[in-house]
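Encoded as structure tokens, the structure appears first; notes follow it.
Atoms within each ligand, like the ligands themselves, are counted from 1 in listed order. The first residue of the sequence shown is numbered 1, and numbering continues consecutively from there. Remember, predicted model here, so these are calculated numbers, not experimental data.
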Amino acid sequence: MSSSKAKHRMTKQRKLILEVLRNTNTHPTADWIYEQVKKEIPNISLGTVYRNLRLLSEMGKIQVLDFGSSYSRFDGNSHHHYHFICDNCEKIYDLDIPFDEKLNEKVNNETPFLVKNHRIDFTGLCPECQKKI
Ligand code: ZN
Ligand code: MN
């Protein structure tokens, strides 16, 4: 296989991974993305999916959401926004509230730290789980 062909295939894989991620709002794991991508590219490996996810994150096209010890979740929405994580079903929801740009400035002014970004994850019960509990 020529290197240009390998490069082309890489681009096709990356595009599909991005498309899969942009078409869901569930903030999936790499395993879930892998299962979806495999339907179109059966011989793709999980390693390739991971590599492309890392690359897409470095390119600023997606966000990686790390939650300590649990698996990373991926977000096709690269714009700053807040999340709500349900304590019961562990689903991750996007919050439709404005991103507080002033918060970085506040911490920059009031602490010795040089802030570049902030992330806020709210926790509690989602509407579905409020009905059940
Ligand atoms: Zn829930
Ligand atoms: Mn999100």
Practice task
Under 4.5 Å between side-chain heavy atoms, chaining through other members, with only Ile, Leu, Val, Met, Phe, Trp and Tyr counted: pull out the rest of the cluster around Val107, sorted by chain and number.
Solution key: Val115
Completion exercise
To the Mn ion (ligand 2), the closest N, O or S atom belonging to Asp94 is OD1
Problem - Residue Asp75 atom name (nearest to the Mn ion (ligand 2); N/O/S) - result: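 That would be atom OD2.
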Completion exercise
Between His27 atom NE2 and His81 atom NE2, the angle centred on the Mn ion (ligand 2) rounds (to 10°) to 180°
Handout entry: Heavy-atom check, side chain of Asn108 versus side chain of Leu114, under 4.5 Å
Key = yes
Exercise for the section: Verify, without hydrogens or angle tests, whether His27 (side chain) and Ile92 (backbone) share a donor-acceptor contact under 3.5 angstrom. Expected result: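 Yes; judged by distance alone, with no hydrogens or angles, the pair exists.
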Practice task
Using the salt bridge (Lys or Arg N to Asp or Glu O under 4.0 Å) rule, collect all pairs that involve residues 54-65, keeping only residues at least two apart or in two chains.
Solution key: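 Residue pairs passing salt bridge (Lys or Arg N to Asp or Glu O under 4.0 Å), neighbours aside: none found.
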Exercise for the section: Mind listing the protein N/O/S atoms less than 2.8 Å away from the Zn ion (ligand 1)? Waters don't count. Expected result: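 Metal shell, protein only: Cys86 SG, Cys89 SG, Cys126 SG, Cys129 SG.
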Practice task
Determine, using ring centers only, whether Tyr82 and His118 are less than 6.0 Å apart.
Solution key: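 Yes.
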Donor-acceptor contacts, no H, no angles, side chain residues 126-133, under 3.5 Å, sequence neighbours left out:
unit_1, atom_1, unit_2, atom_2, d
Glu128, OE2, Lys131, NZ, 3.3
Gln130, NE2, Leu125, O, 3.1

Handout entry: Within 6.0 angstrom of Glu40 CD, more than 12 heavy atoms from elsewhere
Key =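 Counting neighbours around CD of Glu40, 12 or fewer heavy atoms of other residues, nucleotides or ligands fall under 6.0 Å, so no.
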